[in-house]
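When reading the values below, keep in mind they use all heavy atoms of this one structure, side chains included, and skip hydrogens, waters and symmetry mates.
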Amino acid sequence: MRKLVLAAALSGTMLTLAACSGAADETTDAATAEVEATEDAAAVETAAVLDANTATAEQLAGTEGVSEELAAAIVAGQPYASVTDLNAKLLETLSAEEAAAVLTSVFVPVNLNSGTEEEIRLIPGMTDKMVHEFEEYRPYADMGVFDREIGKYVDEAEVERFKNYVTL
């Protein structure tokens, strides 16, 4: 008998159904392993952006571009009302380019419905066109609306990347 395996990714959880026991199908097992590896990589990528309001000094110091001294200063400034406040803290000791590099990994999420243009512009990779699009579709009822509307302008991977920097 063949083993039938159905693997589906549901909210980062692997669901596997098996019917009819017998010899394992190596192709199916490889496909299942590939789906699991893809989910693991996506989880790591999503977790790569630390919330500056909740990150510890140890987490921050492990981030590229953040020294132990800067990590301590960031923690001392918690909580940040917005990413502009975090950026101001970074600019006390870093150049604008260095601060922008840190913001790719350490951020204060921007509220999609109330964030200012200045806050939206601090999202890594933001362009003038995307700032306009982020603002144009307000108010966002939920993240599904964000996915659908912003997905008109960028691919799914970029929408997911943006979601590391925004909240409702």
Side-chain angles (χ1 to χ4, degrees), residues 9-13 34-168:
L10 299 173
S11 301
T13 303
E34 185 177 333
V35 169
E36 289 172 347
T38 301
E39 289 174 357
D40 291 344
V44 167
E45 192 172 308
T46 299
V49 180
L50 295 172
D51 184 328
N53 283 327
T54 59
T56 65
E58 293 78 22
Q59 290 171 318
L60 292 164
T63 302
E64 187 173 339
V66 180
S67 66
E68 288 184 19
E69 295 79 15
L70 180 55
I74 292 170
V75 169
Q78 292 172 338
Y80 295 93
S82 70
V83 68
T84 54
D85 294 342
L86 172 62
N87 192 52
K89 173 61 76 180
L90 297 175
L91 291 174
E92 290 175 7
T93 57
L94 301 176
S95 70
E97 295 79 22
E98 292 168 329
V102 169
L103 289 177
T104 63
S105 304
V106 181
F107 208 79
V108 176
V110 174
N111 185 298
L112 286 168
N113 291 328
S114 62
T116 66
E117 180 179 334
E118 182 181 12
E119 291 169 350
I120 294 169
R121 285 190 181 282
L122 287 172
I123 295 172
M126 191 56 63
T127 63
D128 290 341
K129 173 144 180 70
M130 290 312 300
V131 170
H132 172 76
E133 300 308 334
F134 271 51
E135 293 178 326
E136 180 177 350
Y137 291 103
R138 289 178 178 179
Y140 293 89
D142 56 45
M143 291 307 286
V145 174
F146 177 79
D147 292 350
R148 183 176 59 253
E149 299 302 343
I150 299 305
K152 294 175 183 177
Y153 305 98
V154 295
D155 65 21
E156 186 177 326
E158 184 69 350
V159 171
E160 288 303 311
R161 189 188 70 77
F162 280 141
K163 287 167 64 173
N164 288 305
Y165 303 101
V166 299
T167 190
L168 282 178

Stepwise side chain to side chain contact (heavy atoms under 4.5 Å, CB included) test for Val159 and Val154:
CA-CA 7 Å; Val159 171; Val154 295; 3.6 Å; yes
In short, side-chain hydrogen bond (donor to acceptor under 3.5 Å, both in side chains) pairs touching residues 63-75 with sequence neighbours left out are Ser67-Glu69
Between Asn111 and Arg138 the two heavy atoms that sit nearest each other are O-NH2, 4.5 Å
Between the NZ atom in Lys89 and the CD1 atom in Ile74, the distance rounded to the nearest 0.5 Å is 9.0 Å
Residues pairing under salt bridge (charged side-chain N to carboxylate O under 4.0 Å, His left out) where one sits in residues 111-127, two or more places apart or in two chains, turn out to be Glu117-Arg121, Arg121-Asp128
Here the gap from Ile123 atom CD1 to Leu103 atom CG, rounded to the nearest 0.5 Å, amounts to 10.5 Å
_Could you check whether any side-chain heavy atom of Leu60 comes within less than 4.5 Å of a side-chain heavy atom of Leu70, counting everything from C-beta outward?_
no
When rounded to the nearest 0.5 Å, the distance separating CG of Leu86 from CG of Leu122 is 9.0 Å
Ring pair (Phe, Tyr, Trp, His ring centres under 6.0 Å) pairs touching residues 84-131, sequence neighbours excluded, are Phe107-Tyr165
When every non-hydrogen atom of Gln59 is compared with those of Thr54, the smallest separation belongs to OE1-O, 4.3 Å
Hits for ring pair (Phe, Tyr, Trp, His ring centres under 6.0 Å) against Phe134, two or more places apart or cross-chain, chain-then-number order -> Phe146, Phe162
Shortest non-hydrogen pair, Gly115 vs Val110, comes out as CA-CG1, 3.9 Å
Rounding to 0.5 Å, atoms NE2 (His132) and CD1 (Ile120) come to a distance of 11.5 Å
Shortest non-hydrogen pair, Ala61 vs Ala71, comes out as N-CB, 3.7 Å
Across all chains, not counting sequence neighbours, the side chain to side chain contact (heavy atoms under 4.5 Å, CB included) partners of Thr127 are Lys129, Met130
Residue pairs meeting salt bridge (charged side-chain N to carboxylate O under 4.0 Å, His left out), one or both in residues 52-62, sequence neighbours left out, come to none
| message | Let's go through Met143 and Leu112 carefully: what are the C-alpha distance in whole Å and the side-chain angles of both, what is the deciding distance for side chain to side chain contact (heavy atoms under 4.5 Å, CB included) to 0.1 Å, and is it a yes or a no? | response | CA-CA 9 Å; Met143 291 307 286; Leu112 286 168; 3.9 Å; yes
All heavy atoms of Ala55 vs all of Leu50, minimum pair found to be CB-CB, 4.2 Å
- [ ] Mind running side chain to side chain contact (heavy atoms under 4.5 Å, CB included) on Val75 and Thr56 for me, showing each step along the way?
- [x] CA-CA 7 Å; Val75 169; Thr56 65; 5.7 Å; no
Q: Answer yes or no: is there a side-chain heavy-atom contact under 4.5 Å between Tyr140 and Ile150?
A: yes
**OP:** Taking atom CD of Glu156 as the centre, report whether more than 12 heavy atoms of other residues, nucleotides or ligands fall under 6.0 Å from it.
**Re:** no
Tightest non-hydrogen contact, residues Asn87 and Ala99, listed as OD1-CB, 3.8 Å
Check whether Asn164 reaches the backbone of Val49 with its side chain - one donor and one acceptor, N or O, closer than 3.5 Å. no
request  = Kindly determine whether Val106 and Asp51 satisfy side chain to side chain contact (heavy atoms under 4.5 Å, CB included), including the steps that lead there.
outcome  = CA-CA 6 Å; Val106 181; Asp51 184 328; over 6 Å; no
